[in-house]
Each structure stands twice: as structure tokens, then as C-alpha cells.
Amino acid sequence: MKFEPLKLNKNEFQSFLKELAKDHDLFAPVRLAEGVSVYRRIDSTDEIDLDAFNPQKPLKELFFPQSEAMLRFEKVENRHRVTSADQIKKPRVVLGARACDIQAVSILDDVFLGKEYTDVYFLKKRQSTTLIAFACNSPLSTCFCASTGGGPFDRKGSDLFFIDLGESYLVEPLTDKGKALTQSTLFVKASQHDIAFASELEKKAVQKTDASLPMEGIEKKLDQLMESRFWDRVHEKCIGCGVCTFLCPTCHCFDIVDEAVNEQGQRVRNWDTCLSSLYSLETSGHNPRPSGRERTRQRVMHKFNYFPKNFKKIACVGCGRCIIYCPVNFDIRQVIQDAQKGEVSKNP
Amino acid sequence: MVQKKLREKAKELLSKKEVDLIIGFGEGSQPLRATPVFVRTPEEADRLVWNSFCENNLATYLHKFNRFKVGIVVKGCDARSVTALALEKRFKPEQIVLIGIPCQRMIDRKKLKKAVKGEIVKVREEGDKIIVSAEDGEVVLRRDDFLYPLCKACTHRNPVQETLLVGDRVEEAALTGPNPEAREFEKKSPEERWAFFEKETDRCIRCYACREACPMCYCTECFVDSSNPKWIEKSLSPSDLQFYHIVRAYHQTGRCTNCGACERACPMDIRLTYLTQKLNQEVEELFQFETGVDPGALPPLSTYKADDPQEFIK
């Protein structure tokens with residue numbers, strides 16, 4: 001480890017946040033209703049909902065918002081004037097993200113900051129953000145990050161890593177950016193006992209996370225299944241809403257529209273979902289993905305076949321949101337298992 | 001036991017080839033969940049389950065299978081949706097075999113989750129009790145405390161039309177009066193009502209799960225998806241979210257069976273049914289009409305008579 005682990009007493013946590021808020025825009029899970037939270041910019045530190053296991057809407061929203069103005073336009077005295085939309089003004093700190101969501105943002109890096117294209121909207125947010133991750137002490141039964149190359153205590157992609165020890169946090173600076181946030185006297189050197197306790201928590205959490213999902217070879221397996229009858233049955237229960245894709249931390253499809261009234265407007269980029277018929281509907285009226293069968297297949301193929309082909313990694317981090325929030329209990333884990341066998345199980 | 005009889009009935013229908021498939025519920029992949037299953041052979045019929053988590057309105061799948069002869073497992077509310085859809089000529093009534101189950105009323109899984117510390121790993125029902133296993137071991141809860149509000153208010157737990165009935169009829173008695181959430185909403189001042197509506201719709205993510213879960217939302221092109229004319233923008237501006245929710249509710253007038261599938265489907269826990277309850281209440285008062293109860297009665301907003309008897313229309 002590059003930096004010594006530190007410790008922050010929970011009594012000092014609010015002071016730490018207040019210090020951060022002086023020079024940064026702070027983002028954290030905020031509760032919108034009982035059991036419902038999202039990442040939002042916080043004005044007051046008591047809005048933070050760290051009990052939320054994982055906010056409904058994933059971390060991607062802070063880098064790739066559901067609706068984002070790209071530019072504004074207006075007609076002034078017979079001339080068109082185009083202005084850039086709001087940009088980041090202050091450095092940002094995101095607090096409370098789990099390893100799965102952070103891994104997902106690095107997957108989005110491949111898309112938005114790839115070799116061929118750089119998305120300036122994504123890039124600016126990414127560059128100006130420091131990520132403070134929170135270790136996941138109690139993974140749920142729907143969590144399978146250990147099957148997708150991550151883990152509840154996975155530190156990849158975080159700048160600063162917090163582990164909840166009960167009365168205090170063990171704080172591991174992982175990058176220079178992260179280290180810079182721990183300069184205050186609120187942080188003290190962690191004891192050997194704290195470090196040992198944290199690693200015990202880690203061991204427990206890792207044991208609790210499902211690592212058994214057979215991901216090995218899934219890309220090749222799906223190659224063979226493209227035209228298979230397999231999909232005839234897989235999609236049946238899917239009602240074609242966008243819950244799984246919108247709440248997925250790695251799904252990144254979007255649609256760009258102009259919203260204009262009278263002589264001014266804005267160009268907006270909105271999340272889109274491959275599960276909607278409209279997504280693939282062509283101007284002619286032809287739809288190359290005419291039914292739920294093709295649309296469900298697209299969702300699975302993109303995550304576990306096309307994405308690995310393009311970027312050498314699957315586009316799933318095992319956060320389990322698509323399983324928890326699906327109105328009809330469509331379970332992606334079952335699809336993976338069935339795809340590996342090449343047939344839909346009779347007793348899902 | 002209902003589940004056993006259900007499987008027997010399903011096997012019989014499939015082996016006599018009276019239906020091409022049966023839409024029912026199977027065991028979910030997590031506790032507190034059941035999942036829709038599509039059963040095509042007598043052997044597969046053993047996948048069917050019946051419990052208090054069979055919350056989906058399966059009538060929404062009939063649009064997918066409108067070229068088949070379909071057996072469908074229905075609660076009282078779902079059966080009414082099937083009738084309403086047949087009246088709207090979505091399929092011929094003879095295409096559908098209703099397997100009706102007098103409903104024990106469904107358990108609100110989200111409420112149950114919030115009542116227990118830690119993740120629920122197991123759940124079982126014993127009479128009027130729910131026994132859940134979570135972080136602190138087993139917890140015994142009263143079933144009545146965890147029913148969906150609409151189920152508590154339900155007065156049509158038995159399918160009203162003729163069905164292949166599985167299980168014994170239950171006595172129709174609502175634990176609360178009808179439309180409980182609409183009545184709560186009515187008590188508020190106009191400003192409070194707006195504030196409530198605004199707060200709820202504000203967290204909408206436009207995934208349209210409410211629309212897709214609803215059997216009555218089946219337009220080939222929903223007004224939100226139309227680009228020419230464009231009725232609504234696609235972003236998350238409050239006015240667009242509010243517009244969507246108002247129109248979605250209005251399109252249900254005289255067509256909603258108070259099944260609550262829309263609200264259960266919402267990943268953001270947005271309260272939706274107080275709006276449709278209010279509309280149902282109005283339709284009942286103004287037209288003495290309840291959706292899907294009389295297979296011969298067209299929804300009031302789908303018919304026109306020169307001599308409409310209602311005074312308020314003239």
C-alpha cells in the first residue's frame with residue numbers, strides 16, 4: 001500500500017464533510033422516500049443516507065446523467081446563437097459509493113473515454129471527481145460482484161476507501177487525489193487492531209458474496225446461441241419496461257433530442273433502453289428487433305458478448321439491482337446459468 | 001391445498017389440449033417473490049405455485065399471446081381486467097380459460113422488508129401470521145398488517161365471472177373502506193394535494209414499469225413515445241413527469257380494476273394508485289360502473305347514447 005491507513009472517528013465525520021464542502025461540491029446517497037435513495041448533490045450534510053445499501057439509481061448518474069443538456073440554442077435578431085450547457089465549476093467529491101458502482105464507472109470509461117471517441121461531458125465530470133468508496137460489510141443475497149471480477153471490498157477505481165468499523169472508519173487513501181482529502185487533523189493513524197478488524201470484516205463480506213455464477217466462457221457460449229430457440233422462452237416474462245437498464249450501473253444507451261419552444265431550446269441527451277420497442281424502430285416503420293425476444297436477447301448479448309468482444313470485459317458488476325427491482329422477478333443470474341447449459345431450465 | 005388443485009387443473013387442461021399454454025405463477029428467485037411462468041406441458045404444470053406473493057396482474061401477458069388459446073391464473077382483480085380487455089376486443093372471450101383463485105390478499109413485500117432488520121432470507125405463512133427469517137432470527141408478524149392497501153380495500157376477491165375455480169370462495173369484506181388512499185388524498189387542501197403529487201412524481205425515472213405492468217396499457221404507440229406529433233419531451237423535467245402521470249391515470253378512467261400492479265412495479269416506490277382510485281370512485285358514483293364486473297357493460301367513456309341518462313352530461 002502506497003499510503004498508511006488512517007482512522008476517522010464517526011463523531012468527526014460531520015466535521016470532515018463540512019471541511020470537504022468548503023472547496024468541493026459534495027455528492028452522496030440522499031433519501032427521497034422511505035427505502036428510496038439516489039446520488040444527489042448535497043447542501044446540508046445531514047441529508048446523506050449512508051444506510052441505503054445501494055441507491056436505486058446507480059453512480060453512473062453523476063457522470064452520465066439521465067437527462068443532460070449538451071448545448072443551448074436561440075435565435076437572436078435573425079441569427080442563431082449556440083452556447084454550451086452548464087459545465088462543472090467546482091471539484092466534486094462523491095461519497096458512499098460501493099465497489100460495484102465504481103467498477104461500473106470504469107466500464108463506462110471504456111465507452112466514453114475510448115480510443116476512438118472522447119465524450120467531453122463524461123470526461124469533465126470524471127476528471128473533476130474524487131471517489132470516496134464505502135466498503136460493503138453486508139452484501140445481499142442478490143449480490144454477485146465476486147462472480148463478475150469484483151468484490152465487496154474491492155478498492156479498484158476508488159481514491160479513498162472507508163471501512164465501517166462501528167464507532168469509527170478505517171480510511172485507506174489509495175491515490176494522491178484521495179490522500180489530499182485526508183490532510184486534516186481529524187484523521188489519525190490506524191492501529192494494528194483496527195487494520196486486523198477491517199480485514200476480518202472483509203473476509204466475512206467476501207464469504208457472503210456469491211462467487212459461483214459461471215461467467216467463464218459466457219461470451220463464446222452466447223456466440224452459439226444467437227439464433228437459438230433458447231430466446232423464445234427466456235424473454236417471456238419480461239414486460240419490456242426499462243427498470244433493469246435504467247438502474248443498471250453499466251447500461252449506457254442514450255437518445256439525443258432537441259427540445260425547443262418558440263425560438264430557443266436545448267439539445268438533451270437522455271438515457272434510452274434497448275427493451276423498448278421504440279429504441280430500435282426505424283423511420284421506415286421497420287423494427288429489426290420486433291419483439292421482446294430480440295430485445296431481451298440484445299440486453300443479454302450486449303452485456304456478456306458484444307461488450308467483451310469490444311473491451312475484453314463483461315458489462316455487469318453483479319450489483320443485483322436488476323434482480324431486486326424487476327417487477328416480474330426476471331433474474332439475470334438464471335439467464336447466465338441457462339445460457340451456459342444452452343437451455344432454459346424448467347424450474348427457475 | 002390451492003397449489004395442489006391448481007396444478008391438477010392445469011395438467012388436466014393441458015393434457016386434454018383445451019389450452020395451448022397456461023400463464024401462472026412460479027417460485028421466485030428470492031424470498032417474497034413469485035414470478036410469472038408459461039406452462040405448455042402437463043409435466044411443466046408442477047412449476048405452478050400459489051402464495052401471497054403472486055402479486056402481478058398476469059392479464060398484461062394476454063396481449064403477447066392473443067393468437068393462442070390461453071389458460072390464465074387470476075385473482076379477483078385480474079379476472080376483471082380480462083373481462084375489460086375482452087370488452088375492448090383485445091381477444092375473443094372463448095380464447096381465454098380463467099383459472100380463478102379466491103384471493104387471500106397479497107402481502108406488501110416492500111413494507112415487509114422495511115419492518116425487519118437486515119435482509120429477509122426466508123418467509124413462510126401460517127394462517128394469519130407471516131414468519132420471516134432475517135438478521136435477528138425468526139420474526140412473527142401479523143398478516144393483516146402487511147397487506148397491500150388496495151387488497152385491504154378489495155371487495156372482489158372472488159372472481160366475479162365464471163371461472164374454473166380453484167380453492168374455496170371467500171367472504172367479501174374489506175378491511176378498510178374502498179379507495180382508502182383516494183380518501184386520504186381528498187382530505188388534503190388543493191395545495192397539499194399538489195405538493196404530494198409533485199413530490200411523488202419528482203422521482204420518476206420514466207422506465208414505464210407502471211405502464212408495462214398494467215394490462216390496460218396496450219397502445220401500439222403510447223402518447224409518450226410518439227415523435228410526430230410530439231406530445232411530451234423525454235427528459236426528467238418536472239412538467240413532463242407530471243404530464244405523463246396525469247395522462248396515464250386519466251387513460252384508466254373506467255378501465256382500472258384497482259389491482260395495484262402499476263404501483264407494485266415502480267422501482268422508485270412512487271405512489272400511483274390514489275389517482276386511479278379517485279377516478280374509479282368518480283366513475284362508480286357518476287355511472288354506477290365497476291370495471292370488468294359485468295361482461296356485457298361497456299366502459300362509460302367508450303360508449304355514447306343520444307339519450308344519456310346522466311344529468312351532468314347534458
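Below, read A as the first sequence line, B as the second, and so on, with proteins coming before strands; counting in each chain starts at 1. Source: prediction; values computed, not measured.
- Rounded to the nearest 0.5 Å, atoms CZ (Arg206(B)) and CH2 (Trp271(A)) are 13.5 Å apart.
- Shown here is Phe223(B), whose CZ atom has more than 12 heavy atoms of other residues, nucleotides or ligands within 6.0 Å.
- By the 4.5 Å heavy-atom criterion applied to side chains, Ile205(B) and Glu61(A) are not counted as neighbours.
- Between the side chain of Tyr208(B) and the backbone N or O of Gly242(A), no donor-acceptor pair lies under 3.5 Å.
- Proximity to chain A is limited to the side chain of Lys199(B), based on heavy atoms less than 4.5 angstrom apart.
- At a 4.5 Å heavy-atom cutoff, the contact between Leu140(A) and chain B is made by backbone and side-chain atoms alike.
- Listed in order of number, the residues of residues 229-237 of chain B that approach chain A to under 4.5 Å between heavy atoms are Lys230(B), Glu233(B), Lys234(B), Ser235(B), Leu236(B).
- Heavy-atom minimum distance, Gln56(A) versus Met268(B): CB-SD, 3.7 Å.
- Residue contact with chain B, scored on non-hydrogen atoms closer than 4.5 Å, involves the backbone and the side chain of Glu34(A) alike.
- Of the atoms belonging to Arg333(A), it is side-chain heavy atoms, and not backbone ones, that fall under 4.5 Å from chain B.
- Side-chain atoms of Thr35(B) and Phe330(A), non-hydrogen and from C-beta on, never get closer than 4.5 Å to each other.
- Contacts between Leu281(A) and chain B at a heavy-atom distance below 4.5 Å are absent for every atom of the residue.
- To the nearest 0.5 angstrom, Asn228(B) atom CG is 11.0 Å from Thr283(A) atom OG1.
- In terms of heavy-atom pairs under 4.5 Å with chain A, the best-connected choice from Ala209(B), Ser227(B), Ala34(B), Cys207(B) is Cys207(B).
- Residue Cys326(A) touches chain B through its backbone alone, counting heavy-atom pairs closer than 4.5 Å.
- More than 12 heavy-atom neighbours from other residues, nucleotides or ligands sit within 6.0 angstrom of CZ on Arg248(B).
- Within a 6.0 Å sphere centred on NZ of Lys114(B), heavy atoms belonging to other residues, nucleotides or ligands number more than 12.
- Between the side chains of Ser141(A) and Glu119(B), at least one donor N or O sits under 3.5 Å from an acceptor N or O.
- Within the 4.5 angstrom heavy-atom criterion, no atom of Phe25(B) approaches chain A.
- The heavy-atom pair separating Asn329(A) from Arg33(B) by the smallest distance is N-NH2, 3.4 Å.
- The local environment of NZ in Lys4(B) is sparse, with at most 12 non-hydrogen atoms from other residues, nucleotides or ligands closer than 6.0 Å.
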Fill in: Residues Ser29(B), Gln334(A); criterion side chain to side chain contact (heavy atoms under 4.5 Å, CB included); working and verdict
CA-CA 9 Å; Ser29(B) 71; Gln334(A) 192 66 53; 5.8 Å; no
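- Both the backbone and the side chain of Val243(A) come within contact range of chain B, with heavy atoms under 4.5 Å apart.
- At a threshold of 4.0 Å, the pair Glu236(A)-Arg40(B) counts as salt-bridged, since one of the basic side-chain nitrogens sits closer than that to a carboxylate oxygen.
- Interface remark: Thr142(A) contributes backbone and side-chain atoms alike to the contact with chain B (heavy atom separation under 4.5 Å).
- Under the 4.5 Å side-chain criterion, counting only non-hydrogen atoms from C-beta, Tyr61(B) is in contact with Lys237(A).
- When heavy atoms are compared at a cutoff of 4.5 Å, Ile323(A) approaches chain B by way of both its backbone and its side chain.
- Using a 4.5 Å heavy-atom cutoff, the side chains of Val38(A) and Arg203(B) are not in contact.
- Neither the backbone nor the side chain of Ala261(B) comes within contact range of chain A; no heavy atom of the residue lies under 4.5 Å from a heavy atom of that chain.
- Residue-environment remark: CG (Asn262(A)) stays at or below the threshold of 12 foreign heavy atoms within 6.0 Å.
- Listed by chain and number, the residues in a salt bridge (charged side-chain N to carboxylate O under 4.0 Å, His left out) with Asp225(B) are Arg211(B) (sequence neighbours excluded).
- Options Thr245(A), Asp255(A), Asp331(A) differ in how many heavy-atom pairs under 4.5 Å they form with chain B, and the most are formed by Asp331(A).
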